Amino acid sequence: MLDKKYNFTEKEKKWQDYWQEKGIYDFDKNSDKKVYSIDTPPPTVNGKIHMGHLSSYMHIETVARHHRMKGENVYFPLGFDDNGLPTERYVEKKYNKKAHDMPLEEFIDLCLKTTSELEKEFHALYKSAGFSCNLKENYSSISKRTQKISQKSFLELYKKGYIYHAEAPALWCTECQTAVAQSELENADLESTFNYIKFYVENSDEYVIVATTRPEMLPACDCVFIHPDDKKNAHLKGKNLVVPYFNFTVPVICDDLVDMEKGSGVVMCCTFGDNVDKEWQRKYNLPIKEAFNSAGRMTALAGEFEGMKIKQARLAIIEKLKEIGLLVKQENLTHAVSTHERCGTPIEIIVKKQWFIDVLSHKDEILKASEGLAWHPENMRSRFTNWVQNLQWNWCISRQRYYGVPFPVWYCKNCGHVHMASEDELPVNPRSTKPKGVCENCGCADFEPEHDVMDTWATSSLTPQISTDIVTHKGLSDDMIPMNLRPNAHDNIRVWDFYTVVKNLYHFGKLPWKDVMISGYVTSPDGTKLSKKSGNNKNSPQDIIAQYSADVTRYWANNLSLGKDSCFSLDSFDAGKKLTNKIWNASKFVLSFLYDYTPKSVELLPMDKWMIEKYKKVFKSFQKNLDRYEISLALSEVEKLFWGFCDDYIELVKRRLYNPDIYGEQGTESAKYTCYHVLLGMLKMFSVYLPHLTEEIYMDYFAEKENMTSIHISGYLNLGDDIDEEFLKRGEEVMQIVSQIRQFKSENKISLKTFIKDLKISSRFADFIKSCEVDLKAVGSIGELEITDGDYNLTFGEFVLPESEN
RNA sequence: GGGAGUUUAGCUCAGUUGGCUAGAGCAUCUGCCUUACAAGCAGAGGGUCAUAGGUUCGAGUCCUAUAACUCCCACCA
């Protein structure tokens with residue numbers, strides 16, 4: 001017997017423990033059932049989870065549960081991304097200490113301790129949300145096992161020629177003091193000043209005006225560019241100009257990348273002010289001059305400004321130029337600047353030895369291969385192709401940081417030769433382990449370790465391998481590739497999705513997955529993005545779940561459209577509360593007639609068959625929609641079916657259920673058969689959205705009938721594939737009559753149970769309606785029914801008010 | 001500048017190969033204590049589907065243009 005009220009706090013906890021204990025969601029390694037595998041996003045362990053993360057996991061949940069209900073062997077691993085810069089920055093901030101202020105080992109311990117505490121919190125939240133991923137064996141991106149896979153990937157790609165070590169311009173964050181990748185950039189509109197500065201022609205009184213926002217780059221000036229079509233300045237070509245204040249000369253060169261409309265139409269090239277400078281340096285083989293160092297402080301090249309920070313030097317140099325009369329004018333402007341997404345510092349370009357994965361020369365094959373991915377929604381494909389087409393930098397994977405997977409690399413102290421670890425040494429930390437053997441090049445046994453660590457994404461891009469290794473134990477392998485699904489939010493398309501495609505193509509020549517499902521962001525009611533740092537996170541997942549239940553939270557999440565951002569609103573929580581309450585009450589009511597019932601086939605009454613046909617129709621389209629990741633559409637279908645079941649069908653047949661003596665055995669049995677199957681079938685469909693509530697009802701009654709230990713592995717209920725549309729139409733006509741009876745009573749402001757002496761019905765489906773006479777009379781409280789063939793029309797007779805009102 | 005999305009009821013949004021009278025929840029209004037549920041039920045009002053053209057027997061849905069908003073990318077001299 002179901003309780004009078006459903007206590008979600010108690011029940012949800014009960015079932016979460018039960019599922020864990022019984023291993024209901026465990027992946028069966030030895031099964032030969034069809035596998036459905038999910039490359040679950042490992043959350044970055046650097047703070048709190050917010051409703052956006054939670055909603056996106058709830059989408060994955062629905063998909064996983066759907067495939068489980070289809071009888072598939074669902075592989076749904078869980079991991080934590082707990083290495084790299086995000087973790088470092090979180091730890092630095094939390095303890096208000098910089099990594100380089102303490103011994104490396106101590107810092108790493110602090111990171112490990114912090115992430116393990118956070119992971120416990122994450123774990124508890126996932127459990128309280130009723131997640132069906134593997135909560136027992138998680139992977140971590142800093143574990144030894146993961147490091148081994150990551151290092152092996154590095155060695156293999158190096159052997160295959162995809163990875164190279166070079167002293168080349170790379171994107172650099174002066175705050176974090178590390179190289180970064182293009183995918184870690186974020187645009188910011190910053191206020192700046194255009195400074196119009198005089199460059200005198202060598203040994204002449206003639207000058208040209210150069211506009212720059214970065215006068216501190218003057219000491220790194222290589223040349224001045226004019227456009228080939230620039231008639232006004234054409235005569236300068238080939239002449240030398242004197243760099244103001246710093247007094248060295250640079251040539252004037254023509255290049256059509258110059259924009260004559262911008263600034264003064266004359267531009268200085270400094271190594272490296274921006275991407276174009278980088279291009280010009282390469283094209284004209286210009287000398288590389290470092291005006292500032294990796295810490296963002298001016299070098300000796302800057303003379304008296306040496307040691308100043310970039311911004312400080314900019315102001316100082318402007319003052320100096322003003323003083324000596326070389327600054328003609330200044331203009332304020334706002335321009336887009338690339339900044340580091342983790343700290344917001346403007347990105348610089350600096351030359352240092354770095355490890356790179358070549359992506360630029362493989363753009364075409366990446367694009368070609370990515371055509372094989374199915375994106376949900378499909379329009380997200382363009383973000384991926386857009387990103388690949390616009391790539392400008394190879395993937396720099398070395399970070400001058402502390403907490404990450406080390407490179408399995410040493411350098412020979414004698415000849416500088418790169419010495420790679422052998423596979424059997426992995427995982428290895430070159431900082432604490434000496435290599436086996438001697439230098440292949442010179443025989444020297446003295447090595448210097450690589451101090452850099454790898455980019456987090458160099459490892460995270462292997463989640464298909466890392467996560468499946470839990471069952472395959474094959475490490476870097478394509479055994480379970482392509483996985484069925486990669487789910488993530490749209491911000492990760494250019495990062496995690498892109499890098500995973502690259503790595504799997506390079507290693508195996510295969511795509512990592514078949515489908516990609518993209519969730520949107522959940523924004524604050526004011527439209528700003530929820531994030532770990534912005535602090536606009538009033539509604540924590542823990543609070544919401546405690547207040548509304550995990551099931552209702554899932555209802556909310558699964559009502560969001562895929563790929564689309566939406567404002568956080570409590571509206572649909574109320575709708576979810578109503579729905580769960582209604583499911584509880586309806587089940588309680590229906591089951592109260594079924595406790596001694598054993599399902600057996602029976603000849604169905606027309607309206608019972610109508611209900612079954614409706615179920616069949618919705619079931620079919622529900623399957624189709626969930627197979628296509630149309631999660632919210634599938635939900636709204638079953639929801640609509642359910643409300644109709646309650647308000648129309650149950651109302652129609654409840655008298656048959658109550659009064660077998662009046663309506664006969666067939667009438668009652670037919671209603672019981674229909675109630676049993678339709679309720680069971682709907683609960684199974686709802687189970688992918690509302691796992692706790694449906695489990696409670698199922699386990700109370702149906703589990704025994706079906707001999708199952710959980711609704712979630714019990715399979716959907718298919719009542720047949722052929723749908724009798726004609727029959728449905730006739731049933732709808734009967735419902736229209738019911739609806740009109742209700743309207744009549746409502747308009748006359750009388751109770752629905754008010755007795756109506758007689759009703760004349762004219763319809764083209766007269767015979768069918770006659771066959772439903774019993775139900776119509778019962779639901780409408782009608783005395784005599786006169787049903788004739790003809791155009792649709794109802795004529796109401798007199799009604800009798802209850803005695804108390806007379 | 002390139003790309004994508006959004007624009008439907010007072011509010012939040014569904015509406016997937018074009019097809020009966022454009023739907024839901026919330027809100028509003030009118031009723032109903034109906035042998036599950038008043039946290040309920042029945043009913044009503046409310047929409048030139050952003051704008052302007054076009055294709056079609058038929059357009060919220062397809063095409064073209066315009067506008068507003070959002071996102072991604074580029075723009076950093």
Side-chain angles (χ1 to χ4, degrees), chain A residues 2 4-5 182 185 187-190 192 194-195 210-214 217 224-225 257-259 262-270 273-277 280 333 335-339 346-347 377-387 389-392 490-491 493-494 520-521 523 525 527 529 559-561 563-567 569-572 574-593 624-625 628 630 632-633 635-636 639-640 643 646-647 650-651 654-655 658-659 738-739 741-754 779 781:
Chain A
L2 299 178
K4 190 160 170 34
K5 294 261 176 198
Q182 193 180 343
L185 303 187
N187 276 343
D189 283 328
L190 297 183
S192 185
F194 237 147
N195 302 286
V210 173
T212 177
T213 56
R214 304 202 60 182
M217 297 299 290
V224 168
F225 280 100
L257 274 182
V258 176
D259 181 351
K262 206 177 243 179
S264 62
V266 180
V267 55
M268 68 173 186
C269 170
C270 309
D274 62 22
N275 276 345
V276 185
D277 289 350
W280 278 330
L333 84 162
H335 64 171
V337 177
S338 286
T339 59
I347 286 293
E378 167 63 28
N379 65 306
M380 288 299 165
R381 176 189 304 283
S382 66
R383 294 223 189 179
F384 186 92
T385 49
N386 215 357
W387 175 254
Q389 281 160 354
N390 290 324
L391 274 173
Q392 295 182 32
H490 50 58
D491 58 339
I493 294 174
R494 67 176 203 181
Y521 278 146
T523 59
K529 177 187 157 188
N559 264 303
L560 303 174
S561 280
K564 223 157 120 181
D565 295 352
S566 31
C567 292
S569 146
L570 288 171
D571 281 1
S572 80
D574 292 331
K577 241 162 58 178
K578 275 176 64 171
L579 175 66
T580 49
N581 191 40
K582 190 79 174 177
I583 293 175
W584 184 255
N585 284 320
S587 302
K588 205 170 55 175
F589 178 65
V590 167
L591 294 182
S592 70
F593 297 102
K624 197 178 96 194
N625 278 324
R628 296 184 311 170
E630 288 288 354
S632 58
L633 213 51
L635 172 58
S636 72
E639 215 182 325
K640 204 174 160 196
W643 286 101
C646 294
D647 297 338
I650 293 184
E651 289 303 323
K654 71 207 261 187
R655 279 150 201 91
Y658 274 122
N659 308 302
V738 172
S739 173
I741 296 170
R742 288 167 171 169
Q743 192 178 351
F744 174 80
K745 294 189 176 179
S746 187
E747 277 167 3
N748 286 287
K749 302 190 177 181
I750 53 178
S751 154
L752 286 175
K753 67 177 183 186
T754 307
V779 74
S781 214

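All values derive from a computational prediction rather than experimental measurement. Proteins come first, then strands; the chains are lettered A, B, ... in the order of their sequence lines, and each starts at number 1.
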Nearest listed nucleotide, side chain of A:S751, among B:G3, B:C75, B:C33: B:C33
Touch check for A:S739, heavy atoms < 4.0 angstrom, all strands: base, sugar-phosphate only, or nothing? sugar-phosphate
Check A:T339 against A:A188 and note the closest heavy-atom contact, atom names and distance. CG2-CB, 3.9 Å
In terms of side-chain heavy atoms of A:R383, which of B:C37, B:C71, B:U34 is nearest? B:C71
For RNA chain B, write out the stems as range with range, using runs of 3 or more consecutive Watson-Crick or G-U pairs with both distances under 3.5 Å. B:1-7 with B:67-73, B:10-13 with B:23-26, B:28-32 with B:40-44, B:50-54 with B:62-66
Given B:A42, is OP1 or OP2 found less than 4.0 Å from the side-chain N or O atoms of A:Q743? no
Contact under 4.0 Å: A:K582 side-chain N or O vs B:C41 OP1/OP2: yes
Which pair of non-hydrogen atoms, one from A:C270 and one from A:D277, has the smallest distance, and what is that distance? O-OD2, 2.8 Å
Given RNA chain B, 5'-ward residue of the pair A:L333 and A:K588, judged by closest heavy atom: A:K588
Would you say the side chain of A:F589 lies within less than 4.5 Å of the side chain of A:I650, judging by non-hydrogen atoms? yes
Using the P atom on both, measure B:U48 against B:G10 and round to a whole Å. 8 Å
A:K745 side-chain N/O to B:C41 phosphate OP1/OP2 under 4.0 Å: no
How far, in whole Å, is B:G60 from B:U21 if one measures between their C1' atoms? 15 Å
Rounded P spacing from B:U17 to B:C26 in Å: 28 Å
Side chains of A:N187 and A:S338: closer than 4.5 Å at any heavy-atom pair? yes
Applying a 4.0 Å non-hydrogen cut-off, can you work out what A:A211 is touching in the nucleic acid: base, sugar-phosphate, or nothing? sugar-phosphate
In whole Å, what separates the C1' atom of B:A59 from that of B:G53? 14 Å
Who pairs with A:F744 by side chain to side chain contact (heavy atoms under 4.5 Å, CB included), at least two apart in sequence or on another chain? A:N748, A:I756, A:F796, A:F799
Quick check against the 3.5 Å criterion: does A:Q182 have a side-chain atom that pairs as donor or acceptor with the backbone of A:Q392? yes
Distance in angstrom units between A:D259 CG and B:G1 P, rounded: 13 Å
Picking from B:C75, B:U35, B:C41, the nucleotide nearest the side-chain atoms of A:N659 would be B:U35
On a whole-Å scale, what distance lies between the C1' atoms belonging to B:G15 and B:G47? 14 Å
Taking only the C1' atom of each, what is the distance from B:A67 to B:G40 in whole angstrom? 46 Å
Closest to the A:K578 side chain, choosing from B:C72, B:G25, B:G43: B:G25
Distance, rounded to the nearest Å, where A:M380 contributes CE and B:U6 contributes P: 10 Å
What is the distance from CG of A:L570 to C1' of B:A27, rounded to the nearest Å? 16 Å
Is the A:Y521 ring parallel, tilted or perpendicular to the A:H490 ring (thresholds 30°, 60°)? perpendicular
Are A:N379 and B:C71 close enough that a side-chain N or O sits under 4.0 Å from OP1 or OP2? no
Roughly how many Å is it from CG in A:L752 to P in B:G43, rounded to a whole number? 8 Å
Using a 4.0 Å heavy-atom cut-off, does A:C646 contact any base of the nucleic acid, only the sugar-phosphate backbone, or nothing at all? base
Report the distance from atom NZ of A:K749 to atom C1' of B:U34, rounded to the nearest whole Å. 19 Å
Length of the line joining A:L635:CG and B:G15:C1', which is rounded to integer Å: 15 Å
Please check this pair: side chain of A:K588 against backbone of A:K4, looking for a donor-acceptor N/O pair closer than 3.5 Å. yes
Regarding A:W280, tell me which of base, sugar-phosphate or nothing describes its non-hydrogen contacts under 4.0 Å with the strands shown. nothing
Where the side chain of A:K564 meets the backbone of A:G520, is there a donor-acceptor pair that is under 3.5 Å apart? no
For a quick test of reading the model: is some side-chain N or O of A:S572 closer than 4.0 Å to OP1 or OP2 of B:C26? no
Is the closest side-chain heavy-atom distance between A:P377 and A:M380 below 4.5 Å? yes
Between B:C49 and B:U6 - C1' atom distance, rounded Å: 14 Å
Is there a side-chain contact between A:K654 and A:F593 in this structure, where contact means two heavy atoms from C-beta onward sitting under 4.5 Å apart? no
Describe the nucleic acid contact of A:E378 in one word from base, sugar-phosphate, nothing, applying a heavy-atom distance below 4.0 Å. nothing
Counting the atoms with a prime plus P, OP1 and OP2 as sugar-phosphate, which does A:R214 contact under 4.0 Å by heavy atoms, base, sugar-phosphate, or nothing? nothing
Separation of atom CD in A:E747 from atom C1' in B:G31, rounded to whole Å: 11 Å
Close N/O contacts between protein and nucleotides 7-13 of chain B (under 3.5 Å):
none

Per A:N386 side chain, nearest of listed nucleotides B:C72, B:C75, B:C76: B:C72
So which nucleotide from B:C76, B:C37, B:U35 ends up closest to the side chain of A:E651? B:C37
Expressed as a whole number of angstroms, how long is the span from A:D274:CG to B:A74:P? 13 Å
Could you work out which one of B:A4, B:A42, B:C76 sits closest to the side chain of A:S338? B:C76
Just to be sure I understand the rule, does A:W584 reach a base, reach only the sugar-phosphate, or reach nothing, if contact means heavy atoms closer than 4.0 Å? nothing
With rounding to whole Å, what would you report as the distance between B:U7 and B:A14 at their C1' atoms? 15 Å
Can you confirm whether A:M217 sits close enough to A:T212 that some side-chain heavy atom of one is under 4.5 Å from a side-chain heavy atom of the other? no
Find out whether A:W280 and A:V267 are in side-chain contact, i.e. whether some heavy atom of one side chain is under 4.5 Å from a heavy atom of the other. yes
Closer to the 5' end of RNA chain B via nearest nucleotide, is it A:V258 or A:L185? A:L185
Side chain of A:N581, heavy atoms from C-beta onward: which of B:A39, B:C75, B:C76 has the nearest atom to it? B:A39
